[in-house]
Number of protein chains: 2
Amino acid sequence: MTSGAELIGDTETVDGFSNILSGVVKLTKTLSDGREQIVGLQFAPDFVGRPFREESALTAQAATDVSLCSFPRATIEGMLKRSPGLEHRLLEQTLRELDEARDWMVTLGRKTAGEKVASFLILIATYIDPEFDPRSGSAVFDLPLTRAEIADFLGLTIETVSRQLTKLKADKVIEIENNRRITVEDIERLRFRAGI
Amino acid sequence: MTSGAELIGDTETVDGFSNILSGVVKLTKTLSDGREQIVGLQFAPDFVGRPFREESALTAQAATDVSLCSFPRATIEGMLKRSPGLEHRLLEQTLRELDEARDWMVTLGRKTAGEKVASFLILIATYIDPEFDPRSGSAVFDLPLTRAEIADFLGLTIETVSRQLTKLKADKVIEIENNRRITVEDIERLRFRAGI
DNA sequence: GCGACCAGTTGGTCCGGGTCAAGCGCACCG
DNA sequence: CGGTGCGCTTGACCCGGACCAACTGGTCGC
């Protein structure tokens, strides 16, 4: 599935329930006047879908090229009834997503623009960099989101995201190639910028 | 348990797992420099506690007087293993909390101060007003939080919260008695102020 | 090659909300 | 009683980030 494709419509009934095999899925919510907020990013091998509810209050879109393994909703709910192990795994993922959502609430509510952008880079580094090791000081990765999507994730404007990235580059905390590829030599400096 | 008491320490091991019988519990996260964000409010009959993890990344405090029914962590995890029904109930609550957290992320990231305060009042009205009926136009309730706590919930300062409440009062959207008791005559007008 | 378009950057201006400070009302205490 | 402290409000000022606009570089179709 190519980038930008819509997986779950906002008011449509959510039929599917999928397993991400590769790629990044963004979950967004939109206010009636068009303001948008990304409320979650999901990476392989997460589930996508909201069991036990007909209607999803959010939109799931592929942020990068994504490959999925999808089931109809009835199938998955039947499987959940029969297999407590699967339900347990779903509970574990949901608890993890809740922890992440709450972490992000702190970022949205209490951090400055610079801290938000640094926090975002750390988040992506930990998920994306194939050989990222928290103890090693460095990371290299491609941003899976455009500036506009980063802005929607951080509750900022695209201009502010751009300026903060430029500032991190000017301060030699990161390097940027082709607008997408980020190199962080010293992740501790970046973490410091994120307001811990 | 009286208001302000701490239920779960930040770095301490979370031993307990409780059921709220009455009152309001606030879940907060704090940055190293003291900035604070309330990341969740829990009302009866929610569970409080983070199963399957030794360490909780947040602090749970009583916001009002609270009565609890507590179990040691081992007990609850044993019960969860033996009773899939209980685990299912926990999954349902966790999914609901995740939905709420994501709704709140939109409020934190994309709404103005006035919309945030209106959204907060609607949230409290739906949980607290004993005879609140969404179709009836009005609601009366006591705020379970101080201005400082509301500010920490909304990612604002106490002054801004105060000013926005004063403005809602001046515009006859709400009435305020004793700084705590709120009357909303026409909840639709308040909902309009919340940016839907 | 050339123009159109899109993602991103950069500059300038403005305002919402933060910050600082003073003051009010009320409960509690000596 | 007056003093003290806390929760809250109000006013004045300021700044971070939104908004508006111009520009750059890369990609695509012709």
Side-chain angles (χ1 to χ4, degrees), chain A residues 2-4 26 31 33-37 63-64 107-121 142-171 174-182 193-195, chain B residues 2-4 26 31 33-38 61 63-64 107-121 142-171 174-182 193-195:
Chain A
T2 57
S3 175
K26 57 174 181 165
L31 293 173
D33 62 1
R35 280 174 288 179
E36 202 160 308
Q37 176 70 46
T64 61
T107 300
L108 288 172
R110 289 300 182 197
K111 290 192 185 177
T112 64
E115 290 170 340
K116 286 181 179 182
V117 170
S119 302
F120 171 74
L121 293 177
D142 284 328
L143 293 177
L145 305 183
T146 66
R147 300 290 188 272
E149 290 170 325
I150 298 172
D152 283 338
F153 193 39
L154 296 171
L156 296 172
T157 60
I158 167 175
E159 296 96 325
T160 300
V161 171
S162 176
R163 277 187 250 266
Q164 295 300 333
L165 285 172
T166 302
K167 191 191 282 191
L168 284 172
K169 188 172 66 175
D171 296 351
I174 61 173
E175 288 164 27
I176 308 180
E177 289 170 74
N178 301 329
N179 290 338
R180 283 293 188 129
R181 172 150 296 234
I182 303 285
R193 292 280 204 131
Chain B
T2 56
S3 176
K26 58 174 180 164
L31 293 174
D33 61 1
R35 282 175 288 178
E36 202 160 309
Q37 176 71 45
I38 296 183
Q61 289 171 294
T64 61
T107 300
L108 288 172
R110 288 302 182 196
K111 290 191 185 177
T112 64
E115 291 170 340
K116 285 181 179 182
V117 170
S119 301
F120 172 73
L121 292 177
D142 284 329
L143 294 176
L145 304 183
T146 66
R147 299 292 187 271
E149 289 169 326
I150 297 171
D152 282 339
F153 193 40
L154 295 172
L156 297 172
T157 59
I158 166 176
E159 295 95 327
T160 299
V161 171
S162 177
R163 279 186 250 265
Q164 294 299 334
L165 285 171
T166 303
K167 191 192 280 192
L168 285 172
K169 188 171 67 173
D171 296 351
I174 61 172
E175 288 164 26
I176 308 178
E177 288 169 76
N178 300 330
N179 290 338
R180 283 293 188 129
R181 171 149 297 233
I182 304 284
R193 292 282 201 127

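Proteins come first, then strands; the chains are lettered A, B, ... in the order of their sequence lines, and each starts at number 1.
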Nearest heavy atoms of B/Arg110 and A/Ala151, plus distance in Å: NH2-O, 3.0 Å
Check: A/Glu177 side chain, A/Ile182 main-chain N or O, donor-acceptor pair, under 3.5 Å: no
Residue met sooner reading DNA chain C from 5', once A/Ile176 and B/Ala113 are mapped to nucleotides: A/Ile176
Touch class at under 4.0 angstrom, heavy-atom based, for A/Leu156 against every strand present: sugar-phosphate
Touch class at under 4.0 angstrom, heavy-atom based, for A/Gly114 against every strand present: nothing
Salt-bridge contact B/Asp171-B/Arg193 (side-chain N to carboxylate O under 4.0 Å): yes
Heavy-atom check, side chain of A/Arg147 versus side chain of A/Leu165, under 4.5 Å: yes
Residue pair B/Phe120 / B/Leu143, side-chain heavy-atom distance below 4.5 Å: yes
Write down the distance between [atom1] ([X]) and [atom2] ([N]), rounded to a whole number of angstrom.
X        : N      : atom1 : atom2 : value
B/Asn179 : C/dC24 : CG    : C1'   : 11 Å
A/Gln164 : D/dG17 : CD    : C1'   : 9 Å
B/Leu145 : D/dG7  : CG    : P     : 13 Å
B/Glu159 : C/dG17 : CD    : P     : 14 Å
B/Asp152 : C/dG18 : CG    : P     : 12 Å
A/Leu143 : C/dT9  : CG    : P     : 10 Å
A/Lys111 : C/dG18 : NZ    : C1'   : 19 Å
B/Asn178 : C/dA27 : CG    : C1'   : 13 Å

Side chain of B/Ile158 (C-beta onward), nearest among D/dG17, D/dT9, C/dT9: D/dT9
Closest nucleotide among C/dT9, D/dT9, D/dG17 to the A/Ser162 side chain: C/dT9
Does [N] have OP1 or OP2 sitting under 4.0 Å from an N or O in the side chain of [X]?
X        : N      : answer
B/Thr157 : C/dG18 : yes
A/Thr166 : C/dT10 : yes
A/Thr160 : D/dG17 : no

Check: A/Arg163 side chain, C/dG12 base, donor-acceptor under 3.5 Å: yes
